[in-house]
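What follows is a set of notes on a single structure, which appears directly below.
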Amino acid sequence: MRIPPSLRAREPRAAARTAVLVLLICAGMLSLVGLLGPASAGDAGPRVIWSCVVGLLLVASVLELIPPELLDRAGAFLLLAVGGVTVLAVLAIQGGGTSTRAQAFLAFVVLYAGFHLRPTAAVIATAYSVVAGAVMLFEDAGTARAAFSEWVFFGAMLCVIGGLLIRSTSRQERLVVALKQQADVDALTGLVTRRVLDEALTRALSWGTGTEGTALLLMDVDEFKSINDAHGHLAGDDALVHLSTIIKRQTRSTDAVVSRMGGDEVAVLLRRCSRETAVRRAQQLLDAVRGEPLTLPDGSLYGLSISLGVAHVERSAGDLRAFYAAADDALYAAKRGGRGRVEVAVA
């Protein structure tokens, strides 16, 4: 069974590690209670306390043995928070009320949910804790008025803690996503960075992408320096954006990764691609760039020219560094051969 992403953990591994730690701490605290004995009539008896200790240790063992991602897909971390609150409420009702200890355990649940669950799941866990706290307090207080007063104070505390944590962790998560996007995407062209391409190439060369093999196309703009010198660096930036737009239209994200390597050099990884297909795709890119001149800031048209080098490996054979070197050698061969052409690395 899979639950919606909104009800899952932010990071399953971190959620599992923290859950194990919290469960062990709770087991230790309950063990101390069991040794010291109940502080009030509302506390559970020794048999119940030691049963809870055993249960906490069993749950911690399960979290250690089962992969966190599998637990997360089943909603185990939200169920853990809800289940913990339910157990506390049941014990309070059976004991005839609640105590400061039980309320402290509810705070643990809210803290855990705020740190590790996604906002919707954290709100559910917090709201459930507030409701459970009301049940426990109304069971314990002598009058409804006293119970309501305690619940307003305790519930407000839980809501404030949960709300601040949810807001803080959500903001931090957005910042992490933004930083990751900056590291993954080139700001000027919108193409992925060299790091993303390296990861995709490593996977392709390690795992293989079918019987056709993997191809790498390296290209750069011919006489790019002359564009900057004659028309300014903004025109050079426009040329890179123009080139990137054409390449993105000519490729599919399902089987290609397009990356700005640096300067005016662009790379295209083609997965599940034969050598012949790679050469044909490179020629199509060359023709597409030739067919769409760049509009300069003064309104005049400038015909871009690119040179391309193609390298290809069969299945999972090949080394990342050697693969780059082969495509780079082919690119420079195209430059030496007169530019505006496609050259293929020797197989």
Side-chain angles (χ1 to χ4, degrees), residues 4-6 8-15 68-69 72-73 115-119 167-210 213-221 224 233-234 236-273 278 281-282 285 288-289 306 308-313 316 318-328 331:
S6 60
R8 299 183 186 179
R10 298 176 188 271
E11 297 181 10
R13 291 186 180 277
E69 293 76 13
D72 191 42
R73 287 196 295 270
F115 271 119
H116 290 292
L117 300 184
R118 296 192 179 276
R167 181 181 179 184
S168 175
T169 51
S170 297
R171 184 177 182 182
Q172 183 180 19
E173 194 173 48
R174 288 194 297 270
L175 289 174
V176 170
V177 171
L179 289 173
K180 186 177 185 301
Q181 185 176 13
Q182 291 178 10
D184 290 349
V185 179
D186 177 63
L188 176 64
T189 62
L191 303 179
V192 300
T193 59
R194 170 72 177 268
R195 184 181 69 84
V196 177
L197 179 67
D198 284 349
E199 292 175 354
L201 270 171
T202 300
R203 289 193 298 270
L205 295 175
S206 300
W207 303 342
T209 52
T214 303
L216 177 64
L217 281 56
L218 283 185
M219 69 195 80
D220 64 13
V221 179
F224 182 70
H233 289 282
L234 290 179
D237 289 346
D238 290 342
L240 293 176
V241 174
H242 182 70
L243 173 62
S244 302
T245 301
I246 295 173
I247 296 172
K248 284 188 282 189
R249 283 205 306 262
Q250 295 290 322
T251 55
R252 300 185 301 268
S253 60
T254 54
D255 62 2
V257 178
V258 185
S259 168
R260 183 184 180 190
M261 301 288 286
D264 63 318
E265 190 172 65
V266 176
V268 179
L269 164 64
L270 297 175
R271 297 178 287 241
R272 298 179 293 277
C273 180
R281 297 280 292 276
L285 285 173
V289 173
I306 61 173
L308 297 99
V310 180
H312 183 268
V313 291
S316 60
D319 172 76
L320 179 62
R321 188 178 181 85
F323 200 26
Y324 271 127
D328 196 50
L331 172 60

Shortest non-hydrogen separation from [X] to [Y] and the atoms involved:
X      : Y      : answer
Asp186 : Thr193 : N-CG2, 3.9 Å
Cys273 : Ala278 : SG-N, 3.5 Å
Phe323 : Ala215 : CZ-C, 3.9 Å
Arg271 : Ala200 : NH1-CB, 4.4 Å
Leu270 : Ala256 : CD2-CB, 3.8 Å

Worked check of side-chain contact (heavy atoms from CB on, under 4.5 Å) between Val310 and Arg281 = CA-CA 10 Å; Val310 180; Arg281 297 280 292 276; over 6 Å; no
Does a side-chain heavy-atom distance below 4.5 Å link [X] with [Y]?
X      : Y      : value
Arg10  : His116 : no
Leu240 : Arg260 : yes
Ser259 : Val192 : yes
Arg249 : Ile246 : yes
Glu173 : Thr169 : no
Val289 : Met219 : no
Glu69  : Arg73  : yes
Arg13  : Pro68  : yes

Is there a donor-acceptor contact under 3.5 Å from the side chain of Asp72 to the main chain of Ala9?
-> yes
Side-chain donor/acceptor of Asp264 to backbone N/O of Val221, under 3.5 Å = yes
Crowding at [atom1], [X] (>12 non-hydrogen neighbours, <6.0 Å):
X      : atom1 : value
Tyr324 : OH    : yes
Glu11  : CD    : no
Leu188 : CG    : yes

Point-to-point distance, once rounded to the nearest 0.5 Å, from [atom1] of [X] to [atom2] of [Y]:
X      : Y      : atom1 : atom2 : result
Gln172 : Arg167 : CD    : CZ    : 14.0 Å
His242 : Ile247 : NE2   : CD1   : 10.5 Å
Asp255 : Thr214 : CG    : OG1   : 11.0 Å
Leu308 : Leu217 : CG    : CG    : 6.0 Å
Leu243 : Lys248 : CG    : NZ    : 10.5 Å

Among Leu269, Leu216, Val268, side-chain contact (heavy atoms from CB on, under 4.5 Å) partner for Val257 = Leu269
Worked verdict on Glu265 versus Asp328 for side-chain contact (heavy atoms from CB on, under 4.5 Å) = CA-CA 10 Å; Glu265 190 172 65; Asp328 196 50; 3.9 Å; yes
